[in-house]
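Side-chain atoms are counted along with the backbone in the values below, which use heavy atoms only and exclude waters and symmetry mates.
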Amino acid sequence: MGNAEETRGGDGACERGVERTVFLLAHTGRPAAIRSAELVVRGLLRSGIGVRVLEAEAADIPLPDSASVKTVKEATPQCLDGCELLIVLGGDGTLLRGAEFARASGVPMLGVNLGRVGFLAEAERDDLDKVVDRVVTRSYEVEERMTLDVVVHSNGDVVHTDWALNEAAVQKVSPERMLEVVLEIDGRPVTGFGCDGIVYATPTGSTAYAFSAGGPVVWPEVEALLMVPISAHALFAKPLVTSPSSVLAVEVQPHTPHGVLWCDGRRTVSLPPGARVEVRRGAVPVRLARLHHASFTDRLVAKFALPVSGWRGAPH
């Protein structure tokens, strides 16, 4: 949990003289997010919990005039100092944006899905009252999700470092030409082919880009790394699942066009011919707040609306 702050007046209540603070991040380009943010803020304030909001987003949210609502100018890890939780309202893109500075700060993130699928979210928009109640009573648990550390080499030099919660994707830039690559696992070559790209994913990201590319669904508690080719022109171009201690690499062949690296679909860097991208288990996880113990199987069925009618269960 975050460090406590002393209460300095206003209408924020105290808990043994210590004010609790929650950071709220919302995709205010959506009317539903604005309404949801207002409901969450008012619910937290009624229970004496202070709220911190980005200045740009606060301008779009009808916030009450309260000394317990504070704004910050920039979304940096430091803006979460003293916060016990980061609540994120939005779709997958907003949740990944929240993960960027939740990871760096170590503050747990609680996602409320206002988009379509939202595997990173713990609640839906109809659960806002429950979300506020669980935060107020501290009725949530925190779990850690594996991340990826990504290093780009060019001519033997490190030219870029990054990280990802879902996936790191090496992709072609020219639509008319394939990306020629050689795959490597733990310092040994596996295979080479022409393709549209390669997705390296965590179990958390197995239901995102890797899933769309034909990769397996991996339960979050399984510790593993995934390597999934995209539209590969090869006989052996199957998704691979490796140990979490493995080091995965893709070498872009010198004669191939420029490629591009995307991390979580948010951060990108150009890859020159001959670039080498190494991926390994991230040193810093992302901490997610969980409200209930629903199984991942049930979540999978609900998110993808899978047909399960006719199931009778195991015999008693």
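Residue Glu122 forms a salt bridge (Lys or Arg N to Asp or Glu O under 4.0 Å) with just one option from Arg134, Arg299, Lys130, and that option is Arg299.
In terms of modelled atom types and a separation under 3.5 Å, the side chain of Asp60 and the main chain of Thr28 share no donor-acceptor contact. In this structure, Thr268 contributes its side chain and Leu261 its backbone to a donor-acceptor pair below 3.5 Å. Under a 3.5 Å cut-off, the side chain of Arg287 and the backbone N or O of Gly106 do form a donor-acceptor pair. Within the 3.5 Å criterion, the main-chain N or O of Arg266 finds no donor-acceptor partner in the side chain of Arg97. A donor-acceptor contact shorter than 3.5 Å links the side chain of Ser206 to the backbone of Pro203. Remark: side-chain polar atoms of Ser243 are paired, donor with acceptor, to backbone N or O of Ser245 under 3.5 angstrom. With Arg30 contributing its side chain and Leu114 its backbone, the two residues share a donor-acceptor pair below 3.5 Å. Here the side chain of Glu57 pairs a donor or acceptor atom with the backbone of Ala26 at under 3.5 angstrom. With hydrogens and angles ignored, the 3.5 Å screen pairs a side-chain donor or acceptor of Ser105 with a backbone N or O of Phe101. A distance-only check finds no donor-acceptor pair linking the side chain of Arg46 to the backbone of Val41 [under 3.5 Å].
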- request: Please step through side chain to side chain contact (heavy atoms under 4.5 Å, CB included) for the pair Thr147 and Arg145, ending with a clear verdict.
  value: CA-CA 6 Å; Thr147 59; Arg145 290 294 183 92; 6.0 Å; no
- prompt: Given Val22 and Val135, is the side chain to side chain contact (heavy atoms under 4.5 Å, CB included) satisfied, shown in steps?
  reply: CA-CA 9 Å; Val22 168; Val135 172; 4.0 Å; yes
- prompt: Going through the checks in order, is the side chain to side chain contact (heavy atoms under 4.5 Å, CB included) test met by Asp81 and Cys83?
  reply: CA-CA 6 Å; Asp81 286 351; Cys83 294; over 6 Å; no
Leu80/Leu86 under side chain to side chain contact (heavy atoms under 4.5 Å, CB included): CA gap, chis, key distance, verdict: CA-CA 8 Å; Leu80 272 77; Leu86 167 66; 4.0 Å; yes
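Both Phe296 and Phe304 belong to a single network of hydrophobic side chains, linked directly or stepwise wherever heavy atoms of I, L, V, M, F, W or Y lie under 4.5 Å apart. In terms of hydrophobic clustering, with Ile, Leu, Val, Met, Phe, Trp and Tyr side chains grouped at heavy-atom distances under 4.5 Å, Val136 and Leu128 are assigned to a common cluster. Hydrophobic clustering places Val142 together with Val131 (ILVMFWY residues linked when any side-chain heavy atoms are closer than 4.5 Å, directly or through intermediates). Residues Ile34 and Leu89 fall into different hydrophobic clusters, defined by Ile, Leu, Val, Met, Phe, Trp and Tyr side chains chained together at heavy-atom separations under 4.5 Å. Val150 is connected to Val252 through a chain of hydrophobic side-chain contacts under 4.5 Å among Ile, Leu, Val, Met, Phe, Trp and Tyr, so both are in one cluster.
Of all the heavy atoms in Ala99 and Met109, the pair that sits closest is N-SD, 3.5 Å. Closest of all the heavy-atom pairs between Thr256 and Gln253 is CG2-O, 2.8 Å. Nearest heavy atom pair, residue Val241 against residue Pro216, reads CG2-CG, 4.1 Å. Here the closest heavy-atom approach between residue Pro273 and residue Pro257 is recorded as CG-C, 4.4 Å. In this structure, Leu45 and Pro64 approach most closely via the heavy-atom pair CD1-CG, 3.4 Å.
A salt bridge between Arg188 and Glu184 is absent, with no side-chain N of the basic residue lying under 4.0 Å from a carboxylate O of the acidic one. Contact check on Arg276 versus Glu251 returns a salt bridge, with a Lys/Arg side-chain nitrogen under 4.0 Å from an Asp/Glu carboxylate oxygen. A salt bridge does not link Arg280 to Asp149: none of the charged side-chain nitrogens sits closer than 4.0 Å to a carboxylate oxygen.
Residues Ile185 and Leu240 are in side-chain contact: their nearest non-hydrogen atoms beyond the backbone lie under 4.5 Å apart. Between Val40 and Glu38, the closest side-chain pair of non-hydrogen atoms is not below 4.5 Å. Put simply, the side chain of His160 does not reach to within 4.5 Å of the side chain of His153, judged on heavy atoms. With a 4.5 Å cut-off on side-chain heavy atoms, Thr202 and Leu148 count as touching. Two residues are said to be in side-chain contact when any heavy atoms from C-beta on lie closer than 4.5 Å; Thr161 and Val152 fail this criterion. Counting heavy atoms from C-beta on, the side chains of Ser270 and Val260 never come closer than 4.5 Å.
In the displayed structure, Asp129 atom CG is contacted under 6.0 Å by at most 12 heavy atoms of other residues, nucleotides or ligands. Atom CZ of Phe119 is surrounded by more than 12 heavy atoms from other residues, nucleotides or ligands within 6.0 Å.
Counting only N and O atoms by type, the side chains of Arg125 and Ser36 include no donor and acceptor under 3.5 Å apart. The closest side-chain donor-acceptor pair between Asp298 and Ser295 falls under 3.5 angstrom.
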In residues 163-170, what donor-acceptor pairs under 3.5 Å come from side-chain atoms, sequence neighbours left out?
none

Contacts under 3.5 angstrom, residues 192-201 side chains, donor-acceptor by atom type, not counting sequence neighbours:
from	atom 1	to	atom 2	distance (Å)
Asp196	OD1	Lys172	NZ	3.0
Tyr200	OH	Ala249	O	3.2
Tyr200	OH	Val250	N	3.4

Side-chain donor/acceptor pairs under 3.5 Å, residues 220-235, sequence neighbours excluded:
from	atom 1	to	atom 2	distance (Å)
Glu223	OE1	Arg281	NH1	3.3
Glu223	OE2	Arg281	NH2	3.1

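Rounded to the nearest 0.5 angstrom, Leu110 CG and Leu291 CG are separated by 5.0 Å. Leu95 CG to Asp264 CG: the interatomic distance, rounded to the nearest 0.5 Å, is 11.5 Å.
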